[in-house]
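Just so it is clear, the values below take in all heavy atoms, side chains as well, and ignore hydrogens, waters and symmetry mates. Reminder, nothing fancy here: chain letters follow the sequence lines and each chain counts from 1.
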Amino acid sequence: MVLSAADKTNVKGIFTKIGGHGDDYGAETLDRMFTVYPQTKTYFPHFDVSHGSAQIKAHGKKVVAALVEAVNHIDDIAGALSKLSDLHAHKLRVDPANFKLLGQCFLVVVGIHHPAALTPEVHASLDKFLCAVSTVLTAKYR
Amino acid sequence: MVHWTAEEKQLIASVWSKVNVEECGAEALARLLIVYPWTQRFFSSFGNLSSPTAILGNPKVRAHGRKVLTSFGEAVKNLDNIKATFSKLSELHCEKLHVDPENFRLLGDILIIVLASHFARDFTPACQFAWQKLVNVVAHALARKYH
């Protein structure tokens, strides 16, 4: 999955729109993921996964911060997320199928809050970007 | 048989009652063709699909999107009998159309995003759960007669 120049522009644009709401969107993304795909909770037995929990808020903030980091280094996502990639490969070992589920929920949240900005072209670019991030995070799995 | 709670049925019906099938269907199909361009392989007779603008304005895409979502409405009307409702359509998609069932899952996910964009906060997590369940059941029913 190669991000074109247009893709990069679209992704940067949508994240600029997201602006300071990233933390909230991160929490909402996780909350939806746990609700819509209950199997994802198996990776968080130590969490309070109830709606609005402090842990979901904190973790959502971390997840979006990582996405922002990837956006800010969109020409070298592998470099920017190298440590996170190690973490997912050796410690977290989240099954690769789950990254799609998180991505789907993130797209839903962006669609809810910025319907006009999530044009089909931006939707395509953002989906590609999330795939690229997933690929990097699972690159060292085996 | 799929078990639907009363709440799930209510959430599905409530959203569906407000859906503009023509607009939503057209948008969902267009987004499928734009976001996952390889899905265009099934629509070589549709004319100009060369750009997102072309796809969004293509009358055949609009018409077919409407047709697909109208058919989806049959599932909403027959929640307790989705397998039978789509039995013939499943055979058609296998034997005549040769559509990989993965495409049903892709379209289902796109539909969820289109609904979220239209309904915003009204598309609550519980709503998303019910609709994700529905699109999964429809995809499964459409794949069921494959051989």
Legend entry - Positive for ring pair (Phe, Tyr, Trp, His ring centres under 6.0 Å) with A:H59, one of A:F34, A:F47, A:Y43: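 Per the ring pair (Phe, Tyr, Trp, His ring centres under 6.0 Å) rule, the option paired with A:H59 is A:F47, out of A:F34, A:F47, A:Y43.
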Does any heavy atom of chain A fall under 4.5 Å from the side chain of [X], the backbone, both, or neither of them?
| X | value |
| --- | --- |
| B:L56 | side chain |
| B:S51 | neither |
| B:Y36 | side chain |

Inset, instruction - Determine the option with the most heavy-atom pairs under 4.5 angstrom with chain A, choosing from B:A30, B:A120, B:P37. - result: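 Looking at each option in turn, the highest pair count goes to B:A120.
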Legend entry - Best-contacting candidate, B:T53, B:I34, B:D122, against chain A by heavy atom pairs under 4.5 angstrom: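 Among the listed options, the one with the most contacts to chain A is B:I34.
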Legend entry - B:H93 and B:F104 aromatic centres sub-6.0 Å: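 So the answer is yes for these two rings.
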Inset, instruction - Please find out if less than 6.0 Å separates the ring center of A:Y141 from that of A:H88. - result: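 No, ring centres 6.0 Å or more apart.
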Can you see which heavy atom on [X] is nearest to which on [Y], and at what distance?
| X | Y | value |
| --- | --- | --- |
| B:V114 | B:C24 | CG1-SG, 3.6 Å |
| B:A126 | B:E7 | CB-OE2, 4.2 Å |
| B:I110 | B:A28 | CG2-O, 3.5 Å |

Inset, instruction - Give, as side chain, backbone, both or neither, the part of A:T119 having an atom under 4.5 angstrom from any heavy atom of chain B. - result: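 A:T119 touches chain B through backbone heavy atoms alone.
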Inset, instruction - Please flag which part of A:H114 lies under 4.5 Å from any non-hydrogen atom of chain B: side chain, backbone, both or neither. - result: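 Neither part, no heavy atoms under 4.5 Å.
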Inset, instruction - Quick one: which of A:D31, A:L107, A:L118 has the most heavy-atom pairs under 4.5 Å with chain B, could you say? - result: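 It is A:L118.
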Inset, instruction - Go through A:P120, A:P115, A:A116 and name the one with the most non-hydrogen pairs under 4.5 angstrom from chain B. - result: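 Of the candidates given, the most pairs with chain B belong to A:P120.
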Inset, instruction - Give a yes-or-no answer on whether the side chains of B:K145 and B:S87 include a donor-acceptor pair shorter than 3.5 Å. - result: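 Yes, a side-chain donor-acceptor pair sits under 3.5 Å.
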